[in-house]
Amino acid sequence: MDKTLSQLDWSLIRAFLAVAETGSLSGAARELSQSQPTLGRQIKLLEDQLGLRLFERQVRGFDLTPTGESLLEPARAMRDAFGQLSLRAAGRDDKMRGTVRITTSDVMARHALPLIIAEIREAEPDIQIELVPSDASENLLFREADIAVRMYRSTQLDVITKQIAVAPLGVYAAKTYLEKHGTPNAIADLLGHSLIGYDRDDRIIHGMRAMGWQVQRDFFDVRCDDQNTYWELVRAGCGIGFTQEFVANKDPSIARLLPEMKFDPLPIWLAAPEAMRSTPRVKRVWDLLETGITARFPSAQA
């Protein structure tokens, strides 16, 4: 084997894949939590070490050259192998100490997980917790997280999943909004009110259509996809909105409306790589997460 190839740094391959798959240094920087200059230097170093031109620099980003295209699949195979190596090595760690990385949605990370993590830290002070708020699907097999708390079931292979609870949904408004605009007493009354919806996310539209309301995007007077910002718009009195009961119930400035409007609750799933699930610290945090979540949310079997 060529000595240069045998001494390639994995971080350079990782940078190559991130730029190739996102098409830009900025996208790769967000994905890897690194700076654009660092990634730019890594790409140049990789090209220099290989003696090959992997990208064409364009105004709109980076395009793979034919040579770069030919290296994409082998690089992905390296990523898969590295991920499996990391998982298997970590899965052998039998100490009840170290770090467990948890990923969950922005809403769960802000409104539900902090108190539960405080309980975990109280019970296991030698286990450090990294919380990753994200609505993206972190790849558990590449150790982007050890445990995921999600409102959907992970479909990745070699990942253990368990539905532990559900998060009921409801219709809510700030009391200040209702004082100014009145309280709707029937579902039809919503037509006379300002409603807050999502921008590009069409889940609310699909839910309302399932109840017989043939609404479009412009049915909503205010629109925002970021879940925490969405809730702040409701709290500020911008209109009537929809959210999980556990978010709204702890806010005395908010009133529940139209309990007869029934929505399918969101399922709450735990997921972890099979290779990591039996590691003592991961198993312990999984069990404590399950205990904390089921104490605060209705059972999945209810």
Side-chain angles (χ1 to χ4, degrees), residues 11 14 29-34 82-154 156 158-167 226-229 231 243-247 249-251 266-300:
S11 64
R14 190 166 176 249
R30 286 192 296 271
E31 182 174 304
L32 299 181
S33 299
Q34 295 185 21
F82 185 85
Q84 286 299 315
L85 177 68
S86 177
L87 274 177
R88 293 189 183 189
R92 297 283 183 175
D93 189 346
D94 59 359
K95 300 180 182 67
M96 191 66 76
R97 63 172 62 244
T99 299
V100 176
R101 189 172 175 86
I102 303 169
T103 185
T104 190
S105 69
D106 289 337
V107 170
M108 286 289 286
R110 177 172 180 176
H111 296 281
L113 266 289
L115 286 175
I116 296 173
I117 289 174
E119 294 169 356
I120 293 173
R121 291 285 303 135
E122 189 71 23
E124 297 294 344
D126 289 332
I127 297 178
Q128 299 174 344
I129 302 295
E130 293 177 351
L131 180 61
V132 185
S134 172
D135 289 318
S137 296
E138 270 67 27
N139 194 322
L140 296 174
L141 298 183
F142 296 149
R143 296 216 61 200
E144 292 175 6
D146 297 311
I147 301 174
V149 182
R150 289 297 184 209
M151 302 307 198
Y152 53 84
R153 183 176 188 176
S154 174
Q156 288 182 273
D158 302 320
V159 169
I160 294 174
T161 61
K162 181 180 181 181
Q163 185 181 350
I164 59 172
V166 295
D226 181 83
Q227 297 288 305
N228 288 319
T229 304
W231 182 239
T243 195
Q244 293 98 319
E245 286 184 5
F246 82 93
V247 174
N249 286 348
K250 62 182 183 179
D251 193 329
L266 298 175
I268 303 177
W269 290 83
L270 292 182
E274 186 174 9
M276 291 294 295
R277 175 64 178 85
S278 59
T279 303
R281 68 177 185 278
V282 174
K283 183 179 186 301
R284 178 62 170 154
V285 171
W286 172 298
D287 292 342
L288 291 171
L289 277 172
E290 182 173 351
T291 298
I293 290 171
T294 53
R296 292 166 170 83
F297 291 86
S299 167

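Keep in mind that the numbers below use all heavy atoms, side chains included, and drop hydrogens, waters and symmetry copies. The model shown is predicted, which means the values in this text are computed figures rather than measured ones.
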First locate atom NE2 of His111, then atom CG of Asn249, and finally report the distance between them rounded to the nearest 0.5 Å.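 One finds 12.5 Å between NE2 of His111 and CG of Asn249.
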To the nearest 0.5 Å, what is the distance between OG1 on Thr291 and CD on Glu119?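 Rounded to the nearest 0.5 Å, the OG1-CD separation comes out at 9.0 Å.
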Donor-acceptor under 3.5 Å ([X] side chain, [Y] main chain):
{"X": "Thr104", "Y": "Ala109", "answer": "no"}
{"X": "Thr161", "Y": "Arg153", "answer": "no"}
{"X": "Arg121", "Y": "Ile127", "answer": "yes"}

Out of Ile129, Thr103, Val100, which residue meets the side chain to side chain contact (heavy atoms under 4.5 Å, CB included) rule with Ile147?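 Only one of Ile129, Thr103, Val100 forms a side chain to side chain contact (heavy atoms under 4.5 Å, CB included) with Ile147, namely Val100.
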Sort out for me which residue in Thr279, Asp146, Ile120 forms a side chain to side chain contact (heavy atoms under 4.5 Å, CB included) with Val285.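 With Val285 as partner, Thr279, Asp146, Ile120 yield a single side chain to side chain contact (heavy atoms under 4.5 Å, CB included), made by Ile120.
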Using side chain to side chain donor-acceptor pair (under 3.5 Å) as the criterion, list what pairs up with [X], not counting sequence neighbours.
{"X": "Asp226", "value": "Thr229"}
{"X": "Arg30", "value": "none"}
{"X": "Thr294", "value": "none"}
{"X": "Gln227", "value": "Tyr198"}

Would you please name every residue forming a side chain to side chain contact (heavy atoms under 4.5 Å, CB included) with Pro267, sequence neighbours left out?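 Here the qualifying residues are Gln163, Trp269.
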Using the test side chain to side chain contact (heavy atoms under 4.5 Å, CB included), find all partners of Gln128 that sit at least two apart in sequence or belong to another chain.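 With neighbours one apart ignored, the set is Thr99.
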Which heavy atom of Leu288 sits nearest a heavy atom of Ile116, and at what distance?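 Scanning both residues, the minimum pair turns out to be O-CG2, 4.3 Å.
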Min side-chain heavy-atom separation Arg281-Glu124 under 4.5 Å: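 When only atoms from C-beta onward are counted, Glu124 and Arg281 do not touch, as no gap falls below 4.5 Å.
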